[in-house]
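Contents: one structure, followed by commentary.
Order of the sequence lines sets the chain letters (A, B, ...), proteins ahead of strands, with each chain counted from 1.
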There are 2 protein chains.
Amino acid sequence: MASHEQGPERKRRARAQEGDSRRKHTINDVARMAGVSKKTVSRVINASPFVKEETRKAVLEIIRETGYTPDPQARGLAFRRSFLVGLIYDNPNPQHTVSHQLGILDALKGTGFELLVRPVDRTSPKLLEDMRGFVERQKLYGVVLPSPVSENEDLVALMKELGCRYVRIASVPMDDAACMVVSHDGKGAADAARHLADLGHTRIALISGPPTFRSSVERRRGFEAGLAERGLALDPALVKQGAYTYESGITAAGELFALENRPTAIFCLNDEMASGAYLAAREHGLSIPKDVSIVGFDDAPIAARLWPALTSVRLPLRDMGRMAGEMLVPDPLREVQADAHEVQPELIVRESTAKAG
Amino acid sequence: MASHEQGPERKRRARAQEGDSRRKHTINDVARMAGVSKKTVSRVINASPFVKEETRKAVLEIIRETGYTPDPQARGLAFRRSFLVGLIYDNPNPQHTVSHQLGILDALKGTGFELLVRPVDRTSPKLLEDMRGFVERQKLYGVVLPSPVSENEDLVALMKELGCRYVRIASVPMDDAACMVVSHDGKGAADAARHLADLGHTRIALISGPPTFRSSVERRRGFEAGLAERGLALDPALVKQGAYTYESGITAAGELFALENRPTAIFCLNDEMASGAYLAAREHGLSIPKDVSIVGFDDAPIAARLWPALTSVRLPLRDMGRMAGEMLVPDPLREVQADAHEVQPELIVRESTAKAG
DNA sequence: GGACCGCATGACACCGGTATCATAACCACG
DNA sequence: CGTGGTTATGATACCGGTGTCATGCGGTCC
């Protein structure tokens with residue numbers, strides 16, 4: 001129960017003074033000044049086709065003069081829907097969150113929509129209940145669900161039930177292709193595989209993420225596909241499962257380096273684990289890239305700061321956010337509603353990869 | 001002008017069926033079921049003291065049974081104010097933004113308030129105009145202004161003019177102590193200075209940030225104070241100005257290492273520049289910490305991933321966000337309105353600092 | 001016993017928009 | 001010139017809450 005102490009019923013401060021031209025204009029002011037009813041102004045605002053061109057021009061002129069903008073709350077109340085978009089995320093990588101936010105807001109700019117953020121714990125048993133309350137109370141116009149939240153089918157089902165628009169951001173197409181931005185992580189992983197193969201590596205290891213993450217599954221799949229293109233297969237002995245964390249990268253890479261016939265290259269399914277592999281390499285007296293080549297995924301800020309700088313797969317996170325925002329909020333001015341809502345990862349080659357010794 | 005294509009005036013879908021117990025309850029339903037007027041329900045919601053205890057109990061019981069929650073839009077419309085808090089930020093460090101968001105939302109949880117995010121370009125000439133529109137249109141309850149946005153006095157003046165509550169997050173107290181969360185960066189910098197001095201360093205260099213950032217000025221001030229405590233003074237020849245960026249760290253550290261009598265320790269006013277110093281050290285064949293000790297500031301994720309792991313000053317970013325949120329949204333249940341809205345930085349000693357050779 | 005007071009409550013208008021429906025204005029047609 | 005079918009517009013109710021003000025009620029004071 002939200003009980004905001006509002007204090008006793010306050011007197012409204014006198015504001016009916018004659019000189020308060022500073023007061024914000026309402027639809028009534030515009031209507032009066034334009035000599036039409038408020039409903040007609042409403043029609044103009046909502047681009048109704050049933051307004052005479054002449055009337056529309058006159059009203060728009062008054063709107064311009066007064067700087068009037070409709071009150072989103074009043075509009076929302078009448079529409080039974082708000083002009084708010086929710087971003088529901090649970091991603092430990094702040095880079096993702098911030099980039100997505102920037103992208104979504106790129107798309108929302110000038111549309112009158114605003115972005116409400118909602119970090120969640122995807123393992124919480126109350127998640128669905130919380131999200132139902134969130135969407136219903138705020139009457140959200142729509143939500144953006146980046147991975148891994150986008151992989152929660154119960155949550156997606158809830159959005160459908162509530163009639164809440166949604167766009168999923170994920171690494172691989174899912175049921176609802178029309179509501180997705182797909183990053184095709186697999187292609188980036190395949191690029192990494194070809195890159196390593198072309199450098200002459202044959203004993204190539206993989207440090208995967210948790211199998212519950214679609215991105216991990218997809219990156220691995222793409223990696224294997226890329227190797228296959230070069231006539232290589234992933235040796236099961238050279239596959240270690242990590243947890244997308246620094247510590248898990250240290251452990252997994254340590255195990256790989258302890259093998260009798262250790263790999264000459266490692267593909268880590270994210271940069272955090274790649275950082276861990278750097279540390280393990282040092283602990284084992286191995287030099288990067290002379291003794292072992294390392295490739296990461298995400299192109300996190302850290303990738304370029306490590307030494308040697310980490311070769312990694314970059315996702316256009318901001319673009320992905322922008323596309324999600326554009327899909328959510330239809331802009332009549334936008335000409336093409338590109339039906340291909342997908343982006344391509346890009347392999348950024350730095351100094352952590354070299355020819356196989 | 002926000003013109004959301006709403007399509008033609010739509011028919012309202014029939015929903016007056018008898019069986020739609022699923023429809024969300026309104027204040028009218030609650031009033032009817034409790035046998036009181038909607039105004040009395042309103043009084044209960046708003047914790048008015050003018051309701052008989054018996055009546056209040058009865059109404060609360062109905063509210064509990066029905067799961068009723070007031071519509072924030074309708075409430076906002078009547079209150080002429082929304083239940084939205086804005087986060088206006090312009091910080092290149094995503095860690096800061098995400099941590100602040102988490103903290104603010106910790107404080108907002110259960111209050112019915114939501115968080116609207118707004119990345120801005122603090123150098124944009126349209127900034128003030130944009131913010132005025134943002135605050136006025138959304139009728140924001142309040143805003144959180146982390147640094148460096150918090151240092152924009154024009155923006156703060158605007159908030160005052162608009163009657164919009166605000167909380168600044170900054171490294172040093174400013175005019176409005178009651179509306180601030182202060183991180184006292186200077187103390188953390190002093191800790192760093194004492195740490196280096198106690199390790200026996202005397203030729204200690206400083207790579208500062210842009211002087212337009214209060215944090216940079218404050219960190220430097222604190223650093224000098226810490227040195228002074230140990231009887232040391234900052235040698236002007238060992239001070240280089242950076243720009244809080246990786247590249248500027250490389251350049252500045254490179255210049256320091258090229259000196260005939262190079263420093264044995266460097267304090268970098270953020271971790272990005274410290275990363276640059278790492279690279280410069282390698283380029284000059286210097287080993288960290290044997291040849292040179294390095295201390296950063298921020299304890300960014302990167303600090304623990306660098307090799308050797310970077311000693312850095314950590315700010316409790318999430319706590320800072322939480323405090324800002326708590327100050328903004330008064331919770332009647334909170335007992336003490338702690339008047340000391342400040343946090344202490346903490347020096348995290350890792351492996352990049354060692355005794356002076 | 002009547003005037004007066006404070007507490008508790010409700011009737012009603014209002015916040016700033018939109019939906020419904022009636023109606024006015026316009027045109028073509030017979 | 002009356003009829004009918006658009007097209008354009010406004011009067012009114014309504015969305016779900018809160019502010020204002022009047023009123024009922026029980027008790028105290030003289």
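In this structure, B/Lys52 atom NZ and C/dG6 atom C1' are separated by 14 Å, rounded to whole Å. Look at CG on B/Asn28: it is 13 Å from C1' on D/dT18, rounded to the nearest Å. If you take CD1 of A/Ile27 and P of D/dG10, they are 12 Å apart, rounded to a whole angstrom. One can place NZ of B/Lys39 at 13 Å from P of D/dG17, the figure rounded to the nearest angstrom. Distance B/Lys38 NZ to C/dC12 P: 12 Å, rounded to the nearest Å. If you measure from atom CZ of B/Phe50 to atom P of C/dA8, you get 8 Å, rounded to the nearest angstrom. B/Asp71 places its CG atom 13 Å from the C1' atom of D/dT18, with the value rounded to the nearest Å. In this structure, the CZ atom of B/Arg80 is 17 Å from the P atom of D/dG17, given to the nearest Å.
Across all strands, B/Val36 comes closer than 4.0 Å only to sugar-phosphate atoms, never to a base (heavy-atom distances).
Residues passing the side chain to side chain contact (heavy atoms under 4.5 Å, CB included) test with B/Asp29 are B/Arg23, B/His25, B/Thr26, B/Arg32, sequence neighbours excluded.
Contact between the side-chain N/O atoms of B/Thr26 and the OP1/OP2 oxygens of D/dG16 is not found at any separation under 4.0 Å. Distances shorter than 4.0 Å separate none of the side-chain N or O atoms of B/Thr40 from OP1 or OP2 on C/dT9. Using a 4.0 Å cut-off, some side-chain N or O of B/Ser42 falls inside it from OP1 or OP2 of D/dT18. Distances shorter than 4.0 Å separate some side-chain N or O of A/Arg75 from OP1 or OP2 on C/dT18. A sub-4.0 Å separation between OP1 or OP2 of C/dT9 and a side-chain N or O of B/Thr55 is present.
B/Asp121 and B/Thr123 share a donor-acceptor pair across their side chains, judged by distance under 3.5 Å alone.
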Apply side chain to side chain contact (heavy atoms under 4.5 Å, CB included) to the pair B/Asp71 and A/Lys139, showing each step before the final yes or no.
-> CA-CA 9 Å; B/Asp71 180 331; A/Lys139 300 204 285 275; 2.4 Å; yes

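Between B/Glu114 and A/Phe134, some side-chain heavy-atom pair lies under the 4.5 Å cut-off.
For the pair A/Arg165 and A/Tyr141, the cation-pi test (distance below 6.0 Å, angle within 45°) is passed.
Nearest nucleotide to the side chain of A/Ala78, out of D/dT20, D/dG17, C/dG17: C/dG17. Distance from the side chain of B/Pro70 is smallest to D/dG17 among D/dC15, D/dT18, D/dG17.
When each of B/Leu77 and A/Arg56 is assigned the nucleotide of DNA chain D with its nearest heavy atom, A/Arg56 is the one assigned upstream, toward the 5' end. A residue-by-residue look at B/Ala74 and B/Glu53 shows that B/Glu53 has its nearest nucleotide of DNA chain C further toward the 5' end.
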